[in-house]
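Can you keep this structure in mind? I'll have questions shortly.
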Amino acid sequence: MADTKKVKGLKKTMNEKIKSTKEILRERVSDRKTTPLYNPEALTDLKRESEDWMTNVVRETDRENWRKTPHTVLGSDTPRELLYTPLSNPDFDYQQDLGNSGQEPFTRGIHASMYRGREFTMRQLTGFGSPEETNERIKFMLGHGATGLNILFDLPTIQMYDSDDPFALGQVGMSGVCVDSVEDMARLFKDVPLDEVTISIVTHYPSNTAILFPMFLALAEERGIPWENLRGSVQNDITLEELIRSGAEYIPPKDCFRIQCDNIEFIRKNVPQWNFITINGYNLREFGTSAITEMAVAVSNGIEILDELVRRGHDVDTVADRLAFFWSAANDFFEEIARIRAIRRLWYKIMKYRFNAKNPRAMLMRCHVQTSGVCLIQEEPQNNIIRAAYHSLAAVLGGAQSLHVDSYDEAYSVPTEEAALLSLRTQQILQKETGVTDVVDPLGGSFYLEALTNEIENRILDEVDEIEGLGGYVRAIEGGEIYGKVASYFAEQQRLIENGEIALVGQNVYKSEVEGPPINVFRYPEGVEERQKARLQKLRLNRDNEKVSSALRALKDACLKGENILPYSVDCARVRCTEGELFKVFKDAFGLWKPPALF
Amino acid sequence: MTKKIKVLLTKLGLDVHNRGIITVAKVLSSAGMEVVYLGNALPEEIISVAIQEDVDVVGVSSLGGAHISLGTLVLKEAEEKGLKERMVFLMGGVFPPSDGERLREIGFDGVFLPGTRSDEIVSDIERLVG
């Protein structure tokens, strides 16, 4: 009897067509009661007046080219009209489309008082050389008023090789700080109160999150700081590990996705104030994709993660309330502002209508924004200060929670101390001198911005729909479709820059005849690699190697059995396993995957 | 008919930034060259693949800061295998412009900084291969 029931239930599910996110939103959103703000009579009058104005006042050339497509670095090529009026958005419904700040649909901001209640966090990326050298820079930035930390690792650490691995040769301490074990983590955070500063640990990949964050947890434990008091974030994003990374060895996407979800599950339960994922649009965008695709990919990843966690038996209201996003801010000023507003509203709708969330905190799109590095150029580098200032202003007008401003010398190397300070000052000037943070969503209600926000929201949802049509996000990584889309976008951008359709001042327009003053370029400290290698040798001699092998064995078992691997990788960190040792366990357990061909 | 120019493209070491090299790969293949993309590799592997594929040009990309250290090793390995005379060695990526000089001293035949146009890369390769 019971069996028959089960079969019946199964049959029903199979016959029911699974609805796409777009279909669900279309149905449920159209059910809502609407109250358009504009009086129909006024709109009819305005329409007549505008037609008149169009024929008699507007120049013929502008009439013919009413819609113009701006070409910008990392832009979406969304056409713009010459003038926006209430007719651009005749059904505008204040409550349904915007609401007040801190109220559904959160278009205007996730907190009622926004920056008056909480200033945006000034979180500059820091990391180079040895842990001691980065520790010095951390103290320098905190001493100058930075309110959060953002730690970047070197290439071997990001790619999960020890500093003495042949693959690490010549790259230890380059473009980030090297960390091999919990002992380096201790050097990195020497004299930094782990429970007082919010710390973003930029573990890009799920795999290195599962290795490095446990080292941070073990360090907190050794200092007697309860995990519940730690605040900060990790990145933990499959997009970076499987789609846009260039590396020598990859584990398969489905295993990487599982580790991503293991990290979330473990951190949610054990480190309750920690943001367990920062769904990363930024690096995909910087790799070379449009304002729209950046967000569509991140949203698709978010949907797939929540589906998986629900499948594992979690309540969406408790897992989604710490989800965070990471966006880039590029050159098209109004598009950048509109995008952040659009994604806040879209994410709210997805949480409310697709996942049936009840907890308002689970519906919030909270985000960190970094100004675009790809938009910075080598010619006349001081111009980059101006570019980054506009990017920052857009991020703040869009309502970002925290900000990193790229330094003007990043088209050459890691920022010098002077350039890093200038980036921090860019943020402080915005916050303290310009008054832009006094009023919430100051551009809300602009005919132009609201029309653009609507259009961008629709375009993001269309691309989410495309990815769902391919069988979901992980499938679309495996199949190479997203990769192909990105590669053709950046080839086109290159073409537009070379033919001058995308203007770059100092590079393809207004080229300077005279050479500007030379800039100071950051030079990496020397001798880091040798010192780090010696340290590793000493570590391997002095630790309890029996404990190390049994911790690694237990981790491998958990990988194979499908248990959450984090409790085991925390054990590995405690007994001083090195990062490379844990990565080897992953490779042994999951095997290697070959990504789709590049071009 | 002249023989197609054959180019090996590679990312140096663990550098994760590959947008530039993929763009260059597309540019060179649409200019009629044969492109072999190796992905991330260390100097020794780069040189052994260059020999195996018998390429005319080895193009190395670096944005991670290892352009001098690993770049030197690439050229040292090439020298030892006697490739320096018969292959063209190029480096492109993000590094201080003054390092361009050092890379030439080390033995790179061409150095490309950000903002280099596609047609410049193509014509430089054609000229260098001769």
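This structure is a prediction, so every number in the text was calculated from the model and none was measured. Order of the sequence lines sets the chain letters (A, B, ...), proteins ahead of strands, with each chain counted from 1.
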* To do: Say whether A/Glu249 and A/Tyr161, considering side chains only, have a donor N or O and an acceptor N or O under 3.5 Å apart.
  =>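 On atom types as modelled, these side chains qualify, holding a pair under 3.5 Å.
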* Heavy-atom contact with chain B under 4.5 Å, split by part of A/Glu410 ->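 It is the backbone, since no side chain atom gets that close.
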* Below 4.5 Å from any heavy atom of chain A, which atoms of B/Ser61 appear? Answer side chain, backbone, both or neither. =>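 Neither part.
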* Examine whether an atom of B/Pro97 lies under 4.5 Å from a heavy atom of chain A, and if so say whether it belongs to the side chain, the backbone or both; otherwise answer neither. =>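 Answer is both: backbone and side chain atoms of B/Pro97 are under 4.5 Å from chain A.
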* About how many Å separate CG of A/Asn280 and CD1 of A/Ile244, when rounded to the nearest 0.5 Å? ->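 Rounded to the nearest 0.5 Å, the CD1-CG separation comes out at 6.0 Å.
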* Pair A/Glu294, A/Ser328: side-chain N/O donor-acceptor within cut-off below 3.5 Å ->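 There is no such pair (donor and acceptor under 3.5 Å, judged by atom type) between the side chains of A/Glu294 and A/Ser328.
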* **A/Gln171 and A/Asp154: side chain donor to acceptor below 3.5 Å** =>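 Checked: A/Gln171/A/Asp154 side chains show no N/O donor-acceptor pair below 3.5 Å.
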* To do: First locate atom CG of B/Leu38, then atom CD of B/Glu53, and finally report the distance between them rounded to the nearest 0.5 Å.
  =>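 These two atoms lie 9.0 Å from each other.
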* CE/B/Met91 to CZ/B/Arg104 distance, rounded to the nearest 0.5 angstrom? ->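 Reported to 0.5 Å precision, the distance equals 12.0 Å.
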* With side chain to side chain contact (heavy atoms under 4.5 Å, CB included) as the test, would you mind laying out the steps for B/Leu8 and B/Ile46 before giving the verdict? => CA-CA 9 Å; B/Leu8 175 69; B/Ile46 295 173; 4.3 Å; yes
* Nearest heavy atoms of A/Pro381 and A/Tyr408, plus distance in Å ->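 In this case the closest contact between A/Pro381 and A/Tyr408 is O-CB, 3.5 Å.
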* Enumerate by number any residue of residues 66-79 of chain B whose heavy atoms lie under 4.5 Å from heavy atoms of chain A; in the absence of such residues, state 'none'. =>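 Hits under 4.5 Å: B/Ala66, B/Ser69, B/Leu70, B/Leu73.
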* Asked: Looking at B/Asp119, B/Asp99, B/Val27, which has the largest count of heavy-atom pairs under 4.5 Å with chain A?
  ->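 Looking at each of B/Asp119, B/Asp99, B/Val27 in turn, B/Asp99 comes out on top.
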* Hey, are B/Glu126 and B/Ser123 close enough side-chain-wise for a donor-acceptor pair under 3.5 Å? ->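 Distance-only check fails for B/Ser123 and B/Glu126.
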* Taking every non-hydrogen atom, the tightest pair across A/Thr278 and A/Asp237 ->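 Heavy atoms of A/Thr278 and A/Asp237 come nearest at O-OD2, 4.0 Å.
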* chain B contact via A/Val374 - which portion, at a heavy-atom distance below 4.5 Å ->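 Side chain only.
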* With only heavy atoms counted, which part of A/Leu169 is less than 4.5 Å from chain B, the side chain, the backbone, both or neither? ->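 Both parts, backbone and side chain.
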* To do: Please determine which of A/Val528, A/Thr578, A/Asp180 meets the side-chain contact (heavy atoms from CB on, under 4.5 Å) test together with A/Ser163.
  =>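 Considering A/Val528, A/Thr578, A/Asp180, a side-chain contact (heavy atoms from CB on, under 4.5 Å) with A/Ser163 is found only for A/Asp180.
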* Asked: What are the residues of residues 498-507 of chain A, in order of number, with any heavy atom under 4.5 angstrom from a heavy atom of chain B?
  ->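 Against chain B, the residues of residues 498-507 of chain A that fall inside the cut-off (heavy atoms, under 4.5 Å) are A/Glu498, A/Gln507.
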* **Gap between atom NZ of A/Lys584 and atom CE of A/Met160 - 0.5 Å precision** =>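 Reported to 0.5 Å precision, the distance equals 14.5 Å.
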* Asked: Parallel, tilted or perpendicular for A/Phe287 and A/Tyr483, by the 30°/60° rule?
  ->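 A/Phe287 and A/Tyr483: tilted rings.
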* Asked: Under a 4.5 Å heavy-atom cutoff, which of B/Leu12, B/Thr23, B/Asp15, B/Leu113 has the most pairs with chain A?
  ->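 Option with the top pair count is B/Asp15.
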